[in-house]
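A short write-up of the structure that comes next.
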Amino acid sequence: MASIADIRKPVETEWKRYERLMQEGMEADERVQQAVLKYIAARSGKQLRPLIVLLCAQICNPITDKTLRAAVALEMLHNASLVHDDVVDNSDTRRGQPAVHTQWSNKVAVLTGDYMLAKVISLIAEVRNIRILEIVSDLGKSLSSGEMLQLHAGQSMWIDEERYLKVIDQKTARLFQSCAEAGAESAGCTPRQRTALREYGRLLGLCFQIKDDIFDYSDLEEIGKPTMSDLRDGKVTLPLIIALKRAPQPEAEEIRLKGEQVCTANLSKEEETRILEEIKSFVLRFKGDEYAVQQMLAYKKKATEALSVFRDSAEKSSLLALLDFAINRVQ
């Protein structure tokens, strides 16, 4: 599996320009806000989204200033949504470190997220491209709608596969799709190329999120979040959904009750761990994780086919390597 550094090589020179522009964007005059932005920047992760923007631009034509500003705007929108989501979800950690609202307060987190969104608007105004403005605006609405859908899935935390796919499509998949489409638009790709890259981005996002959800049922120590963390937060993902569908009804109902206990009851640490291990064993026994892997590989195949409209190039190889990275990563 290629490393992110290897995948980034075709756009390495432009990546340095992106990093400088991103650093400028993550600045503020107010002392506390500057400290928070510095904290967020230091924990920015792999920055796959701006990398997608740059690769999807350069596979068509040379990267422009519009490309770089769109990449910064989309990464800032992503980070702002994470800050807000952690407040909404009451998640204490982000990438293994204290979340912003944990390190400071809910008010500081919300206001910093708002400040970053204002920066996004400023950057997109500088791009002066109506279609990119529409892409970023639609993404902001989709991220919010996806979070609301996840919060209010119904009277029960238990959702079916269709609802699960709708949630991850509106959140992770739409984010990756928007990055790919903005990159293509910024470089003047043809309508056929833009359509192909838009579909590639959407499918890459689905692969990425399903892999995240498979991690919940993994024993790997390198994972950047505790296993079974989604269920602790009341989020039911594809491996458990499928296991519940395959299991005999009485056993499935028993697991549902135990899942609700984890989310709502004041359990001791030992009792919670015991129940979570039982649910994990249930998922593995009914091969919910294997089904999720099969779906992920099917999406990868479709994403690879979407790129068939492009001739072979270093950029195409990197986009294909991103698919391999998404499904084979351990973090």
Side-chain angles (χ1 to χ4, degrees), residues 7 11 45-60 66-67 69-82 85 120 123-124 127 129-150 162 164-213 238 295-296 298-310 315-316 318-327:
I7 293 170
V11 294
K46 305 174 187 70
Q47 298 193 77
L48 297 182
R49 292 91 188 160
L51 178 55
I52 292 168
V53 177
L54 268 59
L55 287 171
C56 286
Q58 193 160 286
I59 199 173
C60 301
K66 290 180 181 180
T67 308
R69 294 185 187 281
V72 173
L74 285 160
E75 181 67 0
M76 290 188 72
L77 176 57
H78 168 59
N79 284 330
S81 72
L82 295 181
D85 285 356
V120 170
L123 282 161
I124 294 303
V127 171
N129 180 295
I130 292 298
R131 181 59 196 138
I132 293 177
L133 172 62
E134 291 173 346
I135 291 167
V136 175
S137 175
D138 288 346
L139 173 60
K141 290 185 288 186
S142 180
L143 291 174
S144 178
S145 296
E147 186 68 16
M148 287 292 288
L149 184 63
Q150 196 167 54
E162 181 181 0
Y164 163 82
L165 290 173
K166 187 173 182 181
V167 169
I168 69 170
D169 181 73
Q170 290 197 350
K171 297 184 70 179
T172 310
R174 188 64 63 88
L175 175 58
F176 280 65
Q177 172 186 306
S178 297
C179 290
E181 190 174 8
E185 177 66 32
S186 73
C189 295
T190 67
R192 181 168 178 249
Q193 290 170 330
R194 286 200 299 269
T195 298
L197 290 171
R198 173 188 171 94
E199 181 66 359
Y200 163 84
R202 184 182 74 86
L203 293 163
L204 173 62
L206 291 173
C207 289
F208 195 88
Q209 185 58 59
I210 292 173
K211 180 66 173 184
D212 260 6
D213 296 339
L238 189 59
Q295 290 301 104
M296 184 174 61
Y299 289 135
K300 179 198 172 186
K301 182 181 178 182
K302 290 180 180 179
T304 301
E305 291 169 354
L307 292 178
S308 64
V309 304
F310 296 97
E315 292 77 17
K316 181 176 178 178
S318 286
L319 290 173
L320 291 171
L322 267 178
L323 283 167
D324 286 329
F325 178 85
I327 67 171

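Remark: Asp169 does not engage Lys166 in a salt bridge, criterion side-chain N to carboxylate O under 4.0 Å.
Tyr299 places none of its side-chain heavy atoms less than 4.5 Å from the side chain of Ile327. When side chains are defined from C-beta on, Leu175 counts as touching Leu139, because their heavy atoms get closer than 4.5 Å. In this structure, the side chains of Val127 and Leu133 stay at 4.5 Å or more apart for every pair of heavy atoms. No side-chain heavy atom of Leu48 sits less than 4.5 Å from a side-chain heavy atom of Leu204. Side-chain contact between Leu197 and Cys60: present, with at least one pair of heavy atoms (C-beta onward) separated by less than 4.5 Å. Side-chain contact between Leu55 and Leu322 is present, with heavy atoms from C-beta onward closer than 4.5 Å. Between Asp324 and Lys300 the shortest side-chain heavy-atom distance falls below 4.5 Å. Between Ile210 and Tyr164 there is a side-chain heavy-atom pair separated by less than 4.5 Å.
When all heavy atoms are compared, the tightest approach of Ala196 to Ala306 is CB-O, 3.3 Å. Taking each heavy atom of Leu203 and Ala303 in turn, the nearest pair found is CD1-N, 3.4 Å. In terms of heavy atoms, Ile132 sits closest to Ala182 at CD1-O, 4.1 Å. The two residues Gly140 and Leu77 make their nearest non-hydrogen contact at N-CD2, 4.2 Å. Closest approach of Phe176 and Gly205 over heavy atoms only: CG-CA, 3.7 Å.
Distance check: Lys171 NZ to Ser145 OG gives 11.0 Å after rounding to the nearest 0.5 Å. Interatomic distance, Arg174 CZ to Ile135 CD1, rounded to the nearest 0.5 Å: 11.5 Å. Distance check: Leu320 CG to Leu307 CG gives 5.5 Å after rounding to the nearest 0.5 Å.
Residues satisfying the salt bridge (Lys or Arg N to Asp or Glu O under 4.0 Å) criterion with Glu199, sequence neighbours excluded, are Arg202. Remark: Lys211 engages no residue in a salt bridge (Lys or Arg N to Asp or Glu O under 4.0 Å) (not counting sequence neighbours). Residues meeting the salt bridge (Lys or Arg N to Asp or Glu O under 4.0 Å) test with Glu134, sequence neighbours left out: Arg131. Under the rule for a salt bridge (Lys or Arg N to Asp or Glu O under 4.0 Å), Lys302 has no partner lying at least two apart in sequence or in another chain.
For the pair Ser142 (side chain) and Gln170 (backbone), a donor-acceptor distance under 3.5 Å is present. Remark: side-chain polar atoms of Ser144 are not paired, donor with acceptor, to backbone N or O of Lys141 under 3.5 angstrom.
A disulfide bridge does not connect Cys189 to Cys56: their SG atoms sit 2.5 Å or farther from one another.
The side-chain hydrogen bond (donor to acceptor under 3.5 Å, both in side chains) contacts involving residues 46-56 comprise Tyr18-Gln47, where partners must be two or more places apart or lie in separate chains. Residue pairs meeting the salt bridge (Lys or Arg N to Asp or Glu O under 4.0 Å) criterion with at least one member in residues 182-192, sequence neighbours excluded, are Glu185-Arg194.
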